[in-house]
Peer 1: 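There's a structure below that I have some questions on.
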There are 2 protein chains.
Amino acid sequence: MKAIKPTTRDAIIEAAFQIYSEDPTASLADIAVRAGIGRATLHRHFSGRDELLVELAKVAIKDLDDAAECAVTGAQSYTEALRLMMHALVPLASRQWFLSQTSVENHPDILAEYQRQSEEMANDIEEAKKEGCFAADVPTTWIVQAFDNLLYAAWQMVRNEEATAKQAAALAWRTLVEGTGGHLHG
Amino acid sequence: MKAIKPTTRDAIIEAAFQIYSEDPTASLADIAVRAGIGRATLHRHFSGRDELLVELAKVAIKDLDDAAECAVTGAQSYTEALRLMMHALVPLASRQWFLSQTSVENHPDILAEYQRQSEEMANDIEEAKKEGCFAADVPTTWIVQAFDNLLYAAWQMVRNEEATAKQAAALAWRTLVEGTGGHLHG
DNA sequence: CCTTCACGAGACAATTATGTCTCATATAAG
DNA sequence: CTTATATGAGACATAATTGTCTCGTGAAGG
């Protein structure tokens with residue numbers, strides 16, 4: 001029961017993330033095709049759409065958590081940690097996207113994890129504020145929103161092949177902190 | 001045939017925009033309920049989902065175009081026009097959202113209009129660059145992405161009742177131009 | 001060679017979404 | 001009052017999706 005080859009399961013999950021970010025109305029058959037497997041095999045790994053969605057949420061939270069953790073440990077300040085997080089999260093934007101779009105609000109433990117993650121982000125931003133990275137008169141909730149959406153913007157740039165992940169992340173961070181403005185406030 | 005009361009049709013379209021932004025997998029029955037009408041009535045106005053989607057795209061483009069036009073005419077510079085557009089578009093973010101998400105790419109005229117709109121936006125940003133609003137070394141495509149996504153971030157703030165439309169639009173514009181940074185570049 | 005096991009393909013039923021139809025009702029115009 | 005029209009409710013058929021099942025295959029391991 002547990003000896004299922006992990007790559008197939010992973011392929012399903014990755015395909016689901018990809019397709020969901022492109023077309024949220026996609027059917028399970030579409031996901032199976034994208035994963036390069038048969039539809040029956042998908043049902044061997046996940047009893048149905050609900051179970052798959054819950055699993056996607058769990059994986060998304062774990063991947064994002066790991067990436068964030070990894071970024072934070074390599075930083076010597078909250079400001080630097082957030083900058084590293086931007087870079088680490090751009091390739092995982094499909095996960096972030098899934099979590100922000102899907103209403104897994106009925107699953108209490110996933111909702112709790114999601115909220116904990118959000119609070120952690122808000123906390124990091126508050127600390128970065130104290131370090132002088134963000135202006136004190138800008139609401140933290142806005143900075144969180146801006147961070148998430150600029151992250152998504154960076155991902156779109158990469159998807160459109162208009163920038164590399166590194167370039168896009170740098171642009172997103174620069175925009176968040178300094179804006180795209182010219183010399184007017186130098 | 002043409003004497004259909006406009007309010008019912010409008011109610012359907014508005015309900016569809018709302019529901020679509022919340023749950024893209026919603027059924028036509030869900031839209032009918034949200035619009036406060038019977039499911040059969042929806043089919044009297046739109047032959048099916050395809051026709052509804054095309055109509056939504058047309059309405060979205062028109063609403064956005066009107067709002068943008070109105071904003072531009074009241075401005076004396078491209079920079080000011082873009083700032084006014086941000087304010088004008090926040091309440092219409094569900095339209096922007098729909099256009100960016102839905103794949104109406106099979107409909108040639110809608111696709112053409114959408115691209116024309118995108119190019120116009122890119123052009124306005126290029127002009128604003130010349131006015132000194134945006135740094136020359138930032139790609140225009142990124143500024144477009146950032147504008148759209150910060151617009152969406154502002155809309156989320158309003159939806160979460162964490163800010164008024166005016167406040168959120170001001171935050172989005174400030175972030176786009178100056179960023180959320182502190183005193184580091186004052 | 002033989003067994004096991006994950007898999008793909010496809011048949012099948014159940015569920016859901018969609019599109020069409022009829023009928024009764026309400027409302028407004030004549 | 002009468003008529004035209006938009007509507008809601010609901011029956012109905014069709015199509016799409018979903019979930020379950022069986023069978024044959026091919027590869028891994030004994």
Peer 1: Given side chain to side chain donor-acceptor pair (under 3.5 Å), test A:Asp23 with B:Gln101 step by step and report yes or no.
Peer 2: CA-CA 8 Å; A:Asp23 175 19; B:Gln101 289 299 306; over 6 Å; no
Peer 1: Take the protein atom CD1 of B:Ile31 and the nucleotide atom P of D:dG8, then report the distance between them rounded to whole Å.
Peer 2: 15 Å
Peer 1: Can you tell me how far C1' of D:dG19 sits from CG of A:Leu53, to the nearest Å?
Peer 2: 16 Å
Peer 1: What's the closest nucleotide to the side chain of A:Thr8 if the choices are C:dC7, C:dA9, C:dG19?
Peer 2: C:dC7
Peer 1: Rounded to the nearest angstrom, tell me the gap between atom CG in A:Asp10 and atom C1' in C:dA6.
Peer 2: 15 Å
Peer 1: Which of these nucleotides, C:dC21, D:dG19, D:dT7, is closest to any side-chain atom of B:Thr41?
Peer 2: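 Nearest to the side chain of B:Thr41 among the choices is D:dT7.
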Peer 1: Rounded off to whole Å, could you give me the CD1-to-P distance for the B:Ile19 and C:dA17 pair?
Peer 2: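 Going from CD1 in B:Ile19 over to P in C:dA17 covers 13 Å.
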Peer 1: Got a donor-acceptor pair under 3.5 Å from the side chain of B:Arg44 to the base of C:dG19?
Peer 2: no
Peer 1: Which is more 5' along DNA chain D, the nucleotide nearest A:Asp30 or the one nearest A:Ala40? Just name the residue.
Peer 2: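 So the residue in question is A:Asp30.
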Peer 1: Tell me whether the guanidinium CZ or amine NZ of A:Arg159 lies under 6.0 angstrom from the six-membered ring centre of A:Trp155 and within 45° of its axis.
Peer 2: yes
Peer 1: Is the phosphate of D:dC21, meaning OP1 or OP2, less than 4.0 Å from a side-chain N or O of A:His43?
Peer 2: no
Peer 1: Is it true that a side-chain atom of A:His43 and a backbone atom of A:Arg39 form a donor plus acceptor pair closer than 3.5 Å?
Peer 2: no
Peer 1: Just how far, in rounded Å, is C1' of D:dG10 from CG of B:Leu42?
Peer 2: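 For the pair B:Leu42 CG and D:dG10 C1', the rounded distance is 16 Å.
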Peer 1: What is the separation between atom CZ on B:Arg9 and atom C1' on D:dT7, rounded to the nearest whole Å?
Peer 2: 16 Å
Peer 1: C:dC7, OP1 or OP2 - any side-chain N/O from A:His45 closer than 4.0 Å?
Peer 2: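 Result: yes.
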Peer 1: Would you check, one step at a time, whether the test side chain to side chain donor-acceptor pair (under 3.5 Å) holds for B:Ser27 with B:Asp30?
Peer 2: CA-CA 5 Å; B:Ser27 67; B:Asp30 295 330; 3.2 Å; yes
Peer 1: What nucleotide, of D:dA11, C:dA11, D:dT17, holds the atom closest to the side chain of A:Arg39?
Peer 2: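 Nearest to the side-chain atoms of A:Arg39, counting from C-beta on, is C:dA11.
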Peer 1: Nearest whole Å is fine: how far is C:dT15 P from A:Leu28 CG?
Peer 2: 17 Å
Peer 1: Under a 3.5 Å distance rule, please check whether B:Lys129 uses its side chain to pair with a backbone N or O of B:Val138 as donor and acceptor.
Peer 2: yes
Peer 1: Check the distance between D:dT17's P and A:Leu52's CG and give it to me in whole angstrom.
Peer 2: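 The answer, rounded to whole Å, is 16 Å.
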